[in-house]
Amino acid sequence: MVASALYFFQEKLLFLPTTLEQDYQYQFSYSFEELFLKTDETAIINAIHFKIEKPKGVVLFFHGNAGDLSRWGILAEYFVEKQYDVLVMDYRTYGKSTGKLSEAALYNDAQYCYDYLKTMYIEDEIIVYGRSLGSGLATNIASKKNPKQLILETPYYSVLDVAQYRFPMFPVKQLLKYKLLSYQFIKDVKCPILILHGTKDQVVPYQSAKKLYEASPKLKTTFVTIEGGTHGDLSAFEIYHQYMNKVLK
C-alpha cells in the first residue's frame with residue numbers, strides 16, 4: 001500500500017512548487033528582463049534574465065525543488081553581485097511556468113535555456129550552476145555542451161540514490177519515474193567542475209555527493225567539504241565564498 005502511494009505521489013514528494021499569478025510583478029535589486037519561453041507546443045517557461053553593464057559572463061542557474069522565481073531570483077542575485085548576468089528559469093508547474101512535468105521535459109527546457117543564451121554569449125562565457133534538484137539538470141547540460149564551468153551545490157549521485165537512502169524498505173528502482181542519473185552525465189563533462197556539499201546535509205546525504213565526485217573526471221573536479229554545512233546554509237561558511245570567488249574571478 002505504501003509502495004503504491006510512493007509510486008503515484010512521487011512527484012509530490014520530489015517537486016514542491018509554489019505558483020504565482022500570471023500578472024505577478026517581480027521585485028529584485030538588479031535590472032532584469034522577464035521572459036516567457038515557449039520550449040515546446042505544450043509549455044511556456046517563465047524565466048528571469050538579469051543583465052548588467054560589462055558582465056564577466058553569464059550564469060545559467062537551475063534551482064532547487066521548492067518555491068518559485070520570487071525566491072530563487074533573489075538567491076541568483078549572488079552571481080549578479082559578482083558581476084555576472086544570470087538566467088534563472090522556473091520548472092514546469094512552478095511560478096508562472098506551464099506544461100506537463102517529466103524528466104524528459106526538464107532536460108528539454110534546460111537545453112532550450114542554454115541554447116537561448118548561446119544566441120547572446122559565446123560558450124566560454126557561460127557558467128552552468130545547479131543547486132540540489134537543479135544539479136542533475138546542470139550536469140546533464142554540461143555533459144552535452146561546452147560551458148566554461150560547472151558548479152554543483154548540494155548535488156546527488158542520482159535521485160534514485162537519494163530515494164534509496166530515504167526509503168530503504170521499498171523497491172524504489174522499480175517505482176521511481178524520475179532517476180536524474182548525474183553520475184552518468186558527469187563522466188562526459190569536459191569543463192572544470194566545482195562541487196560543494198555539507199557534512200550535515202539532511203536532504204541529500206554527503207556520501208551521495210562524494211560518490212558523484214568519484215564518478216567525475218578527477219583532474220577537472222574540485223570537491224569542497226563544508227564541515228557542519230546542511231542543505232540550505234552553505235553560503236553561511238567562509239570556505240564556500242573562497243571557492244566561489246576562485247571560480248567567478
Side-chain angles (χ1 to χ4, degrees), residues 8-52 55 57-80 84-121 123 125-145 147 150 153 159 177-180 182 185:
F8 288 107
F9 295 105
Q10 62 186 265
E11 284 191 353
K12 293 190 183 301
L13 292 170
L14 184 56
F15 303 106
L16 302 170
T18 48
T19 57
L20 297 171
E21 297 294 333
Q22 292 297 315
D23 61 356
Y24 178 86
Q25 298 293 306
Y26 292 110
Q27 307 259 328
F28 299 118
S29 301
Y30 295 91
S31 297
F32 67 93
E33 178 185 5
E34 183 178 4
L35 303 171
F36 291 90
L37 305 172
K38 192 169 176 59
T39 56
D40 67 29
E41 289 304 310
T42 64
I44 295 178
I45 296 303
N46 186 221
I48 297 295
H49 191 181
F50 291 100
K51 297 178 181 178
I52 60 171
V58 62
V59 175
L60 178 55
F61 184 116
F62 295 111
H63 67 61
N65 74 328
D68 59 61
L69 283 181
S70 64
R71 171 192 174 217
W72 290 108
I74 293 169
L75 294 174
E77 288 182 304
Y78 176 83
F79 295 102
V80 188
Y84 281 84
D85 289 351
V86 181
L87 181 70
V88 52
M89 73 164 187
D90 253 343
Y91 311 129
R92 300 181 188 205
T93 73
Y94 285 69
K96 303 182 191 181
S97 292
T98 63
K100 185 171 172 53
L101 203 51
S102 71
E103 186 166 353
L106 286 168
Y107 297 144
N108 175 74
D109 298 343
Q111 178 146 328
Y112 189 99
C113 288
Y114 190 95
D115 291 341
Y116 175 83
L117 288 180
K118 278 179 63 180
T119 66
M120 289 166 274
Y121 307 85
E123 280 197 281
E125 293 175 321
I126 301 175
I127 292 174
V128 179
Y129 164 90
R131 178 164 169 171
S132 190
L133 174 68
S135 66
L137 305 186
T139 307
N140 179 264
I141 279 292
S143 73
K144 296 176 178 177
K145 305 291 185 177
L150 174 64
E153 184 173 338
V159 163
K177 290 183 280 187
Y178 292 84
K179 306 230 175 14
L180 289 104
S182 295
F185 310 144

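Everything numeric here is computed off the predicted structure, so don't read it as measured data.
Nearest approach of V88 to F50, heavy atoms of both residues: CG1-CE1, 4.5 Å. In terms of heavy-atom proximity, L133 sits nearest to G64 at CB-C, 4.1 Å. Minimum heavy-atom separation, R131 to L75: NH1-CD1, 4.1 Å. Of all non-hydrogen atoms in S182 and T139, the two that sit nearest each other are O-CG2, 3.8 Å. Taking both residues in full, the closest heavy atoms of N108 and T39 are given as ND2-O, 3.5 Å, listed atom of the first, atom of the second, then distance.
At distances below 3.5 Å, at least one donor-acceptor pair connects side-chain atoms of W72 with backbone N or O atoms of A66. A donor-acceptor contact shorter than 3.5 Å links the side chain of T98 to the backbone of I44. Side-chain N or O atoms of D68 include none that pairs as donor or acceptor with a backbone N or O of P17 at under 3.5 Å. Here the side chain of E77 pairs no donor or acceptor atom with the backbone of F28 at under 3.5 angstrom.
For L35, the side chain to side chain contact (heavy atoms under 4.5 Å, CB included) partners are E33, L37, A47, H49, L87, Y116, not counting sequence neighbours.
Rounding to the nearest 0.5 angstrom, the gap separating the CZ atom in F185 from the NZ atom in K144 is 7.0 Å. Taken to the nearest 0.5 Å, the CZ atom of F79 stands 6.0 Å off from the CZ atom of F61. Once rounded to the nearest 0.5 Å, the distance linking OG1 of T93 with CG of L16 reads 10.0 Å. Taking OH of Y94 as the start and CG of L20 as the end, the distance is 12.5 Å to the nearest 0.5 Å. For the atom pair CD of Q25 and CG of D23, the computed distance is 7.0 Å after rounding to the nearest 0.5 Å. One finds the CG atom of L60 at 11.0 Å from the NZ atom of K145 (value rounded to the nearest 0.5 Å).
Looking at E123 and Y114, their side chains do bring a donor and an acceptor atom within 3.5 Å of each other. Side-chain contact of Y107 with E103: a donor-acceptor pair under 3.5 Å is present, judged by distance alone.
Applying the salt bridge (charged side-chain N to carboxylate O under 4.0 Å, His left out) test to pairs two or more places apart or on separate chains, those with a residue in residues 89-98 are E34-K96, D40-R92, R92-D109.
Aromatic pair F32/Y30: centroids not less than 6.0 angstrom apart.
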Original post:
What do the steps show when you test F15 against Y91 for ring pair (Phe, Tyr, Trp, His ring centres under 6.0 Å), and what is the final call?
Top reply: CA-CA 10 Å; F15 303 106; Y91 311 129; 7.6 Å; no
**OP:** Begin with the C-alpha distance, continue with both residues' side-chain angles, and end with the deciding distance and a verdict on side chain to side chain contact (heavy atoms under 4.5 Å, CB included) for L180 and Y178.
**Re:** CA-CA 6 Å; L180 289 104; Y178 292 84; 4.0 Å; yes
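Counting only heavy atoms from C-beta outward, the side chains of Y26 and N46 approach each other to under 4.5 Å. Residues K118 and D115 have side chains in contact (heavy-atom distance under 4.5 Å, counting atoms from C-beta outward). Side-chain contact check for I127 versus Y84: some heavy-atom pair is nearer than 4.5 Å.
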